[in-house]
Protein chains: 2
Amino acid sequence: MDLNDTRFNPQNCGSCPIRHRAVCARCDGDELDLLETMKFYRSFEAGQTVIWSGDRMDFVASVVTGIATLTQTMEDGRRQMVGLLLPSDFVGRPGRDSAPYDVTATTDLVMCCFRRKPFEEMMVRTPHVGQRLLEMTLDELDAAREWMLLLGRKTAREKIASLMAIIGRRDAALRLKGGKAPLVFDLPLTREAMADYLGLTLETVSRQISALRRDGVIELEGKRHVLVPDLDRLLEEAGDDTDGGLVV
Amino acid sequence: MDLNDTRFNPQNCGSCPIRHRAVCARCDGDELDLLETMKFYRSFEAGQTVIWSGDRMDFVASVVTGIATLTQTMEDGRRQMVGLLLPSDFVGRPGRDSAPYDVTATTDLVMCCFRRKPFEEMMVRTPHVGQRLLEMTLDELDAAREWMLLLGRKTAREKIASLMAIIGRRDAALRLKGGKAPLVFDLPLTREAMADYLGLTLETVSRQISALRRDGVIELEGKRHVLVPDLDRLLEEAGDDTDGGLVV
DNA sequence: GATCCACTTTGATCTGCATCATAGCAGCCC
DNA sequence: GGGCTGCTATGATGCAGATCAAAGTGGATC
């Protein structure tokens with residue numbers, strides 16, 4: 001795959017630390033040319049595992065198209081999703097040898113990759129990449145801690161409403177539809193994946209989605225297509241005081 | 001307070017990004033002298049709030065002595081602790097104006113502080129501080145995600161066992177007692193604070209601690225002093241496959 | 001020692017979600 | 001069409017942990 005591939009949307013690299021020549025406003029020099037020569041693309045089919053927890057991980061990457069999940073698993077099979085990677089999200093740990101959790105493609109997935117060693121060397125020479133990476137990691141940490149509140153203290157209904165709000169708003173942000181129009185989006189996850197994300201069972205997820213639909217908080221077309229007529233109502237159901245943008 | 005204060009233990013700054021002259025093996029130059037001139041100490045009494053969520057935060061800091069907690073709160077009062085700061089832990093967000101959660105001293109607390117602006121400038125000039133900060137933030141992110149697994153999928157008993165293991169091992173690491181001796185430590189949290197950390201109620205915490213004591217997994221002297229006769233047994237109760245060091 | 005207060009323990013009961021079970025539904029292949 | 005397969009919905013039941021209530025504990029203060 002290359003930049004001419006129709007699936008590649010340079011917009012998607014806008015918020016990743018690896019800004020592509022086409023979209024980086026901050027730097028115009030040789031460092032970006034260097035980045036361009038370093039990058040390569042990898043594709044995965046829906047359901048494929050990108051990397052297993054504990055495996056050696058010698059690259060860093062950002063999602064170009066598709067959805068990936070980060071999950072942790074206990075010996076007995078209990079699973080908890082700990083992160084959701086949408087287009088433009090970054091994955092990888094400069095300075096770390098092995099992956100801390102499973103990374104799985106839930107849809108067909110294309111990632112823009114860089115080998116870790118040269119990337120790290122480039123970071124040293126190009127301070128703003130490191131700074132951007134710190135910023136993004138702090139954002140992820142905030143999101144993770146927001147999620148801890150959800151997992152520890154929210155009810156099943158609040159969890160579902162929160163998930164809808166986050167996915168819907170992320171989706172709207174990606175399309176640059178910042179307006180007040182009702183959110184319309186497709187759920188990128190199965191009921192089971194949502195359950196793993198929310199610390200619930202798939203049956204409870206299904207029941208609560210039905211309940212929110214019955215109560216008019218969301219509208220459903222098919223299993224995946226969602227319309228939110230009133231975002232404030234949804235946020236109220238989610239128990240969110242912040243109307244700020246939870247970045248996942 | 002200054003370096004001569006008996007409460008100050010330079011060892012405690014060993015893992016913080018702000019390495020003090022006394023303990024930093026990596027740099028011997030002027031940059032550390034600069035750090036020394038920038039730092040100042042702040043003390044808080046047990047129960048005092050260091051900073052409220054949303055408040056302007058114009059400093060970064062590391063814990064010298066005592067314990068602080070990071071908590072998030074919903075409008076209706078439900079609380080979730082999202083982090084625990086022990087001596088040597090770092091708090092603050094270079095590049096961020098406001099605090100993302102409440103920081104509270106649960107014991108008497110001394111922090112070693114740096115004003116944010118000069119600290120950020122120093123980071124630019126001194127790359128290894130920024131790198132160290134990225135490393136630490138990635139560690140925190142891993143710990144947060146480990147905690148997500150706990151909050152989402154572990155039983156009350158497993159949660160308590162996990163907490164004991166983490167606090168006990170952190171405590172042992174601080175004292176540099178790396179041996180196989182049984183863990184002995186004091187719980188730095190009330191039952192209620194543990195409940196807020198684990199996403200439980202204080203009654204459940206109390207019951208599960210009693211149950212672990214009855215089953216010989218831990219021994220208690222008073223309410224706070226804990227002895228773990230068999231760490232492997234505790235880890236098994238915690239449902240941990242990793243025997244790696246969960247950093248909180 | 002007596003009183004107080006914050007914290008903890010334990011018991012009784014309730015409930016939200018898990019678990020178990022079954023059926024509906026859409027896409028796909030033959 | 002018919003049958004298969006993966007996903008979803010919904011009903012019946014059970015249980016872990018929440019909630020409500022009361023009593024125990026130990027340190028501080030007078």
Side-chain angles (χ1 to χ4, degrees), chain A residues 45-48 74 76-80 104 106-107 150-164 186-215 218-226 237 239, chain B residues 45-48 67 74 76-80 104 106-108 150-164 186-215 218-226 237 239:
Chain A
E45 286 172 27
Q48 232 184 322
M74 295 172 69
D76 63 6
R78 280 176 281 176
R79 289 159 51 84
Q80 177 64 51
T104 311
T106 52
T107 63
L150 176 146
L151 290 171
R153 294 302 187 193
K154 288 191 179 180
T155 64
R157 170 182 264 245
E158 288 169 338
K159 286 177 175 183
I160 295 291
S162 297
L163 184 67
M164 296 284 176
D186 286 310
L187 288 170
L189 301 172
T190 65
R191 302 290 188 259
E192 186 178 22
M194 290 187 238
D196 283 342
Y197 204 8
L198 299 170
L200 298 171
T201 58
L202 68 89
E203 293 94 331
T204 299
V205 169
S206 180
R207 273 186 251 273
Q208 295 298 333
I209 288 179
S210 298
L212 288 177
R213 185 169 47 71
R214 251 196 316 278
D215 299 344
I218 60 174
E219 290 164 28
L220 273 180
E221 189 176 317
K223 310 292 186 191
R224 296 293 191 95
H225 195 72
V226 179
E237 292 284 353
Chain B
E45 286 172 27
Q48 232 184 321
I67 314 274
M74 295 172 69
D76 61 7
R78 280 176 281 175
R79 290 159 51 84
Q80 177 64 51
T104 311
T106 53
T107 64
D108 288 349
L150 176 144
L151 290 171
R153 295 301 187 195
K154 288 190 178 179
T155 65
R157 170 182 263 247
E158 288 169 336
K159 286 177 176 182
I160 296 289
S162 298
L163 184 67
M164 296 283 177
D186 286 311
L187 289 170
L189 301 173
T190 64
R191 301 291 187 261
E192 186 178 22
M194 289 187 239
D196 283 341
Y197 205 7
L198 300 170
L200 298 170
T201 59
L202 67 90
E203 293 95 330
T204 299
V205 169
S206 180
R207 273 186 251 271
Q208 295 299 333
I209 288 178
S210 298
L212 288 177
R213 185 169 49 69
R214 252 196 316 279
D215 299 343
I218 59 175
E219 289 164 30
L220 272 180
E221 189 176 316
K223 311 292 186 190
R224 297 293 191 96
H225 195 72
V226 178
E237 291 284 354

A:Ile160 CD1 to D:dT8 P, in whole Å, measures 12 Å
Are more than 12 heavy atoms, taken from residues, nucleotides or ligands other than A:Arg153, located less than 6.0 Å from that residue's CZ atom? yes
On DNA chain D, more 5' by nearest nucleotide between A:Arg153 and A:Glu192 is A:Glu192
Closest of C:dT8, C:dT10, D:dA9 to the B:Lys223 side chain is C:dT8
Check your understanding: Should B:Met194 and B:Leu202 be marked as a side chain to side chain contact (heavy atoms under 4.5 Å, CB included) after you check the CA-CA gap, both sets of side-chain angles, and the distance that decides it?
Key -> CA-CA 7 Å; B:Met194 289 187 239; B:Leu202 67 90; over 6 Å; no
A:Arg191 atom CZ is separated from C:dA18 atom P, nearest whole Å, by 16 Å
Salt bridge check: are B:Arg157 and B:Glu237 linked by an N-O gap of less than 4.0 Å? yes
NZ/NE/NH1/NH2 to OD/OE distance under 4.0 Å, B:Asp186 and B:Arg224
no
| Does B:Ser162 use its side chain to pair, donor to acceptor, with the backbone of B:Glu158 at less than 3.5 Å? | yes
In whole angstroms, the gap separating P of D:dA16 from NZ of B:Lys154 amounts to 18 Å
Rounded to whole Å, CG of A:Leu220 lies from P of D:dC7 at a distance of 18 Å
**Asked** Taking the side chain from A:Asp196 and the backbone from A:Leu198, do they hold a donor-acceptor pair closer than 3.5 Å?
**Response** no
To the nearest angstrom, the CG-P distance between A:Leu198 and C:dG16 comes to 18 Å
What residues 199-209 of chain A contributes to the DNA chain C interface at heavy-atom separation below 4.0 Å is A:Gly199, A:Leu200, A:Thr201, A:Glu203, A:Thr204, A:Arg207
Rounded to whole Å, CZ of A:Arg214 lies from P of D:dA9 at a distance of 11 Å
Here the distance between atom C1' of C:dT9 and atom CZ of B:Arg224, to the nearest Å, is 15 Å
Rounded to whole Å, the CG-C1' distance (B:Asp76 to D:dT19) equals 15 Å
